[in-house]
Each structure stands twice: as structure tokens, then as C-alpha cells.
Amino acid sequence: MGRDTIADIITSIRNADMDRKGTVRIASTNITENIIKILLQEGFIENVRKHQEGHFFFLALTLRHRRNRKGPYRKGPYGTSLNLKRISRPGLRIYSNYQQIPRVLGGMGTVILSTSRGIMTDREARLEGIGGEILCYIW
């Protein structure tokens with residue numbers, strides 16, 4: 001039985017955000033590095049550092065916390081937490097062409113796709129006119 005590394009990093013980031021932790025440590029693979037690069041470009045995380053322990057590489061992410069998070073944790077699309085949702089999974093792959101790529105919160109969120117030209121956001125895929133596997137939603 002294989003591991004779903006994308007679901008693992010999404011869950012790690014979501015749990016650290018709910019606990020209001022400053023940093024998250026995740027295993028470094030090519031897929032996780034590309035997804036983290038997109039999260040950094042879109043402004044969902046603040047900083048990324050690569051560390052090595054023995055012959056294993058890890059990424060240390062610094063999360064971006066919002067200033068108005070003094071109250072209890074609120075779930076929902078308009079709550080104060082970082083929302084990540086895994087769409088395509090190993091048991092059910094979800095594909096889309098570039099015309100039917102969904103918009104998250106009317107374009108306010110981001111869709112991460114795995115295309116033939118690498119992992120990219122929904123905006124980049126629409127500009128290049130290519131579709132692919134919908135990995136996750138972020139808003």
C-alpha cells in the first residue's frame with residue numbers, strides 16, 4: 001500500500017495552522033517541493049528552508065498567520081484559517097481540461113494542477129491552455 005505524500009503535507013500544514021504553530025517540517029520530494037513553491041508564490045506560507053538529517057531531506061515551512069486570529073478556531077470558507085482540500089487521490093483521480101478548471105471562491109482561491117508541463121496553478125494552466133490532474137484547492 002502506497003503513501004499519499006500530497007495528502008500528508010496538506011494535513012500537516014492544516015493541523016499546524018489550526019494549532020497556530022509557526023513552523024512545519026515535512027519530507028522533501030520533487031512533488032512536495034513544487035507544491036510548496038506554489039504556496040510560497042501565492043503567499044500562503046512565509047518562508048521555506050531545506051534541511052538534511054542523515055541522508056533524508058526535510059523542508060521547514062514558516063506559516064503566515066493572520067493578524068485577526070485572537071478568537072477560537074472557526075471552520076469554513078470565510079473563517080480565519082488556511083483551508084486546503086485534497087481533490088484527486090490515489091483511489092479516484094480527477095482530471096480537467098483548461099476550459100473546465102474550477103474556480104475556488106470565484107477566483108480568490110487557488111487550484112493546484114499536475115500537468116504535462118509540471119505542477120502549476122489554475123491561472124498558469126488557463127494561460128498556457130493545458131489541463132491536468134486537479135491535486136488540491138487552497139483558499
Side-chain angles (χ1 to χ4, degrees):
M1 191 147 124
R3 292 186 50 160
D4 188 4
T5 57
I6 299 170
D8 289 345
I9 66 165
I10 287 173
T11 303
S12 298
I13 293 171
R14 187 186 312 120
N15 288 342
D17 187 60
M18 283 193 300
D19 287 344
R20 298 181 181 145
K21 296 200 177 195
T23 59
V24 181
R25 193 176 117 177
I26 59 172
S28 176
T29 64
N30 288 337
I31 294 172
T32 58
E33 285 182 14
N34 290 330
I35 291 174
I36 296 304
K37 187 177 4 172
I38 289 174
L39 290 175
L40 187 63
Q41 289 172 354
E42 295 290 320
F44 291 107
I45 59 175
E46 208 169 294
N47 192 10
V48 179
R49 291 182 316 276
K50 192 169 186 178
H51 295 288
Q52 181 178 6
E53 289 182 10
H55 60 281
F56 294 107
F57 286 94
F58 294 96
L59 296 173
L61 312 177
T62 305
L63 298 179
R64 180 175 304 246
H65 291 288
R66 299 181 181 123
R67 296 198 184 351
N68 59 353
R69 293 187 49 172
K70 295 193 168 65
Y73 172 74
R74 292 182 300 186
K75 186 176 179 183
Y78 302 106
T80 58
S81 67
L82 175 65
N83 293 300
L84 295 108
K85 184 177 182 184
R86 177 80 158 116
I87 302 301
S88 184
R89 49 191 169 87
L92 179 64
R93 302 287 186 185
I94 306 293
Y95 296 95
S96 176
N97 61 13
Y98 77 96
Q99 295 141 340
Q100 296 175 342
I101 296 172
R103 296 186 190 274
V104 178
L105 287 180
M108 296 292 291
T110 303
V111 178
I112 296 180
L113 294 117
S114 175
T115 67
S116 59
R117 297 184 193 158
I119 295 177
M120 61 179 65
T121 64
D122 56 337
R123 291 178 210 93
E124 295 169 345
R126 281 190 198 97
L127 285 174
E128 293 191 23
I130 55 174
E133 181 182 354
I134 299 174
L135 298 178
C136 60
Y137 296 159
I138 304 161
W139 69 94

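Side chains included, hydrogens not; waters and symmetry mates left out as well; all remaining heavy atoms used.
- Cluster annotation: Ile10 and Met120 are assigned to distinct hydrophobic clusters (Ile/Leu/Val/Met/Phe/Trp/Tyr, side-chain heavy-atom contacts under 4.5 Å, transitive).
- One hydrophobic cluster, built from ILVMFWY side chains closer than 4.5 Å, cannot hold both Val104 and Tyr95; they sit in different ones.
- Thr121 has its side chain out of reach of Val111: every pair of non-hydrogen atoms, C-beta onward, lies at least 4.5 Å apart.
- Annotation: the span from Arg86 atom CZ to Ile112 atom CD1 amounts to 10.5 Å, rounded to 0.5 Å.
- Looking only at distances, no side-chain donor or acceptor of Thr11 sits under 3.5 Å from a matching main-chain atom of Asp8.
- Shortest non-hydrogen contact noted between Ile101 and Ala125 is CD1-CB, 3.8 Å.
- Looking at residues two or more places apart in sequence or on another chain, you find a side-chain hydrogen bond (donor to acceptor under 3.5 Å, both in side chains) between Ser88 and Glu133.
- Side-chain atoms of Thr23 and Leu63, non-hydrogen and from C-beta on, never get closer than 4.5 Å to each other.
- Rounded to the nearest 0.5 Å, atoms CD1 (Ile6) and SG (Cys136) are 7.0 Å apart.
- Applying the salt bridge (Lys or Arg N to Asp or Glu O under 4.0 Å) test to residues at least two apart or on different chains, none of the pairs has a partner in residues 95-106.
- Hydrophobic cluster membership differs between Ile130 and Ile87, with clusters built from Ile, Leu, Val, Met, Phe, Trp and Tyr side chains linked at under 4.5 angstrom.
- Looking at heavy atoms from C-beta onward, Arg117 lies out of side-chain contact with Glu124 at the 4.5 angstrom threshold.
- With a 4.5 Å cut-off on side-chain heavy atoms, Tyr98 and Glu128 do not count as touching.
- Summarising the geometry, atom CD1 belonging to Ile94 is positioned 7.5 Å from atom CD1 belonging to Ile134; distances are rounded to the nearest 0.5 Å.
- At a threshold of 4.0 Å, the pair Glu42-Arg123 counts as salt-bridged, since one of the basic side-chain nitrogens sits closer than that to a carboxylate oxygen.
- Side-chain atoms of Leu59 and Val24, non-hydrogen and from C-beta on, never get closer than 4.5 Å to each other.
- Contacts of Asn34 classified as side-chain hydrogen bond (donor to acceptor under 3.5 Å, both in side chains), with partners at least two apart in sequence or in another chain: none.
- You'll find the side chain of Leu39 reaches within 4.5 Å of the side chain of Ile13, heavy atoms only.
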Enumerate donor-acceptor pairs with a distance under 3.5 Å from any side-chain N or O in residues 43-58 to protein atoms, sequence neighbours excluded.
{"unit_1": "Lys50", "atom_1": "NZ", "unit_2": "Glu33", "atom_2": "OE2", "d": "2.8"}
{"unit_1": "Gln52", "atom_1": "NE2", "unit_2": "Gly54", "atom_2": "O", "d": "2.9"}
{"unit_1": "Glu53", "atom_1": "OE2", "unit_2": "Arg25", "atom_2": "NH1", "d": "3.1"}

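- The CG atom of Leu84 sits 10.0 Å away from atom OG1 of Thr110, with the distance rounded to the nearest 0.5 Å.
- Distance check, rounded to the nearest 0.5 Å: CG of Asn83 to CZ of Arg14 gives 8.5 Å.
- Taking 4.5 Å as the limit, some side-chain heavy atom of Ile38 sits within range of a side-chain heavy atom of Ile119.
- In this structure, Arg89 has no salt bridge (Lys or Arg N to Asp or Glu O under 4.0 Å) partners at least two apart in sequence or on a different chain.
- Distance CG/Leu61 to CD1/Ile9: 8.0 Å, rounded to 0.5 Å.
- With sequence neighbours excluded, no residue satisfies side-chain hydrogen bond (donor to acceptor under 3.5 Å, both in side chains) with Ser114.
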